Amino acid sequence: MIEIYKHILPLTQKRLFLFIPLILSAYTHLWNPLGFPDFFFDEGVYIRRALHVLEGLGPQELTLHDHPYFGQLFLAFIFKIIGYPDSLNPKAGEVHSIEMLYLVPRVLMGLLAVLDTFLVYKIGDKKYNRKVGFVAALLFAVMPGTWLLRRVLLDSILLPFLLSSIFLALSINERRPQSDLLKSLSINLKNNLLTILSGVFLGLAIFTKIPVFAMIPLIAYLIITKSKYSNNRTRLKILGLWLIPVILIPASWPILAFTINQFDDWKDGVFYQAERTNEGFARAMEKYYRLDPVMLIIGLLGLAYAVIRKELFTVIGIVPFLLFLYFIGYVSYFHIVPVLPLLCISAAWLLVDAPILISHKLRRPSQSKYTFGSITIVVIISGIGLIFTSMLLVLDTSRAQIQAAVYISRYLVDNMTLISSPVYSWVPLYVFNYSQTLESFWDVPEGKVQYDHVILLADIHMERIMKRELVNLWSLYNSTTLSAQFKSEITDYDTRKYPYTNLLSMREGASVDIRNGSHISIG
């Protein structure tokens with residue numbers, strides 16, 4: 001009986017180490033996905049592109065080549081499997097139908113975030129130990145800043161593929177070839193398969209969003225160090241085997257552009273993306289600090305600790321990516337998503353390893369006092385993170401956007417042109433097949449144009465841009481009259497107080513104006 005207990009106890013502990021973060025992650029990423037956060041401009045773009053693929057129109061919309069295709073291909077694949085949106089039997093003007101249309105993609109993102117949590121645990125366990133994996137997954141599950149993964153963004157889509165690539169590289173068998181020929185062949189075959197699959201997953205991540213190429217040094221380092229071949233030529237062959245899918249999969253983007261005679265447009269799109277500017281890296285990091293200051297601080301402290309301890313894993317993963325963000329012109333706070341798991345692992349290793357180091361430095365073999373202190377810190381940080389996250393999850397930040405989407409689906413009539421953010425346009429355009437819908441307010445022509453009837457959905461994003469850049473849209477706005485206005489509860493909270501500072505990143509859902517006009521000529 002004692003022997004059975006000895007076998008069962010470690011298994012139970014292992015399951016607890018895994019299940020606790022997964023349960024918490026399911027709560028923090030799947031609770032109220034419709035209400036929090038608000039719907040972001042880019043979410044509408046990527047859902048629309050996925051539905052464009054489902055219509056059999058291919059992965060490329062018109063001539064704008066801003067990102068590779070895997071994001072919309074992946075979403076379209078999942079939508080096809082579940083029969084979305086037709087399986088919902090959506091009805092124009094019905095509140096439940098509109099809510100379900102927006103809910104399903106958000107639930108998918110929540111499920112991916114739970115998968116991310118599992119992979120963070122496995123990576124921490126594989127690289128360090130089970131305690132590090134547990135703490136890293138716990139931080140990733142409960143800290144407020146990971147609400148970014150709830151949005152339908154390319155960064156959220158690519159993350160499980162990136163983490164899978166890292167985990168597979170870590171899983172390569174370190175043992176040298178055996179004297180037994182069959183065992184040696186089996187080990188080599190397994191390692192080669194893991195190497196290729198790691199390359200495939202990283203290639204798919206880059207095929208989703210190009211900046212993830214900055215993770216190549218990390219995974220290449222793992223491939224080389226884990227293979228343990230003494231022959232440098234063999235190591236280079238293994239690295240080359242890994243690099244083939246890493247290069248070829250993203251290369252299908254320009255190849256497809258060439259085959260459809262849009263290679264020049266592809267070059268223009270790539271340079272446009274590279275040359276765009278905004279407030280830059282420092283401002284983006286400041287915005288993320290407002291979302292989750294505790295996680296950012298302990299993550300960076302963990303990174304500094306890794307530098308001191310000469311532990312290259314998180315250093316090679318985080319530093320090149322952040323340097324890339326620093327040197328490009330256009331950076332947003334959600335661009336930090338690919339390094340969030342590594343920041344969590346970095347922080348976890350600090351919290352687990354530092355007490356052991358301190359006890360050794362002080363020449364005290366008993367580590368119980370320092371371990372207890374470490375556990376206390378983890379419990380406090382994760383507890384506070386869970387409380388703050390819960391305070392955000394109960395909010396209904398997208399209320400105005402859902403109400404506006406219901407309104408326009410109810411009142412669209414013949415010969416009426418709908419102009420809105422992509423947050424709204426994909427519903428009438430691809431779900432209800434209302435062809436007089438512009439994909440985005442950016443599509444209002446610059447020259448002379450006339451509208452018999454027009455309905456305009458104006459949120460803060462549109463108002464800010466049209467005043468600065470879109471002269472015709474601004475004229476159109478001033479030629480229409482306000483017919484309805486919807487507000488969410490975002491404005492009810494003091495955004496100077498944490499955790500409601502997170503609401504500063506949710507301005508688009510604060511208020512939506514519906515404006516109508518007839519027989520309008522502009523330009």
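Just so you know, these numbers come straight off a predicted model, no measurement behind them.
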Can you tell me how far the [atom1] atom of [X] sits from the [atom2] atom of [Y], to the nearest 0.5 Å?
| X | Y | atom1 | atom2 | result |
| --- | --- | --- | --- | --- |
| Leu395 | Tyr500 | CG | OH | 6.0 Å |
| Leu350 | Ile298 | CG | CD1 | 8.0 Å |
| Leu300 | Leu343 | CG | CG | 6.0 Å |
| Gln72 | Thr208 | CD | OG1 | 9.0 Å |
| Thr495 | Arg290 | OG1 | CZ | 8.5 Å |

Compare all side-chain heavy atoms of [X] with those of [Y] and state whether any distance is below 4.5 angstrom.
| X | Y | value |
| --- | --- | --- |
| Leu88 | Val431 | no |
| Asp42 | Arg151 | no |
| Glu463 | Asp513 | yes |
| Tyr451 | Ile419 | yes |

Worksheet item: Parallel, tilted or perpendicular: which fits the ring planes of Trp349 and Tyr128, with parallel below 30° and perpendicular above 60°?
Response: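 Ring orientation, 0 to 90° scale: parallel.
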Worksheet item: Taking the six-membered ring for Trp, are Phe79 and Tyr84 parallel (under 30°), tilted (30 to 60°) or perpendicular (over 60°)?
Response: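 Geometry flag for Tyr84 against Phe79: tilted rings.
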Worksheet item: Quick one: which of Phe39, Tyr102, Tyr46 gives a ring-ring contact (aromatic ring centres under 6.0 Å, His included) with Trp426?
Response: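 That would be Tyr102.
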For [X], does the [atom1] atom sit with more than 12 other heavy atoms under 6.0 Å from it, leaving out its own atoms?
| X | atom1 | result |
| --- | --- | --- |
| Tyr289 | OH | no |
| Arg468 | CZ | yes |
| Lys131 | NZ | no |
| Trp474 | CH2 | yes |

Ignoring hydrogens, what is the shortest heavy-atom contact between [X] and [Y]? Give both atom names and the distance.
| X | Y | answer |
| --- | --- | --- |
| Pro211 | Phe324 | CB-CE2, 3.4 Å |
| Met109 | Leu75 | CE-CD2, 4.0 Å |
| Pro144 | Leu392 | CB-CD1, 4.4 Å |
| Ile98 | Ser409 | CD1-OG, 3.9 Å |
| Leu112 | Ser156 | CD1-O, 4.3 Å |

Discussion item. Closer than 4.0 angstrom, basic N to acidic O: yes or no for Asp86 and Lys80?
Written reply: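 No.
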Practice prompt. Could you walk me through whether Tyr407 and Ser483 pass side-chain contact (heavy atoms from CB on, under 4.5 Å), step by step?
Written response: CA-CA 11 Å; Tyr407 183 96; Ser483 59; 3.6 Å; yes
Side-chain donor/acceptor of [X] to backbone N/O of [Y], under 3.5 Å:
| X | Y | result |
| --- | --- | --- |
| Thr397 | Gly35 | yes |
| Ser97 | Pro90 | no |
| Thr437 | Pro428 | no |
| Tyr288 | Ser332 | no |
| Glu508 | Asp38 | no |
| Arg150 | Asn32 | yes |
| Thr389 | Gly385 | yes |
| Arg399 | Ser488 | no |

Atom pairs and distances, donor-acceptor, side-chain atoms in residues 196-204, under 3.5 Å, two or more places apart:
unit_1	atom_1	unit_2	atom_2	d
Ser198	OG	Ser165	O	2.9
Ser198	OG	Ser165	OG	3.1
Ser198	OG	Trp242	NE1	3.4

Atom pairs and distances, donor-acceptor, side-chain atoms in residues 55-64, under 3.5 Å, two or more places apart:
unit_1	atom_1	unit_2	atom_2	d
Gln60	OE1	His65	ND1	3.2
Gln60	OE1	Tyr69	OH	2.9
Gln60	NE2	Leu64	O	2.8
Glu61	OE1	Arg48	NH2	2.7
Glu61	OE1	Arg49	NE	3.3
Glu61	OE2	Arg48	NE	3.0

Worksheet item: Does Tyr477 have Arg515 sitting over its ring (NZ/CZ under 6.0 Å from centre, angle to axis within 45°)?
Response: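 Here Arg515 passes the 6.0 Å and 45° test against Tyr477.
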Practice prompt. Begin with the C-alpha distance, continue with both residues' side-chain angles, and end with the deciding distance and a verdict on ring pair (Phe, Tyr, Trp, His ring centres under 6.0 Å) for Phe207 and Phe161.
Written response: CA-CA 10 Å; Phe207 192 34; Phe161 295 94; over 10 Å; no
Item to complete: Using the side-chain contact (heavy atoms from CB on, under 4.5 Å) rule, pick out the option among Leu438, Leu429, Val427, Ile408 that qualifies with Leu418.
Response: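 It is Ile408, the one option of Leu438, Leu429, Val427, Ile408 that forms the side-chain contact (heavy atoms from CB on, under 4.5 Å) with Leu418.
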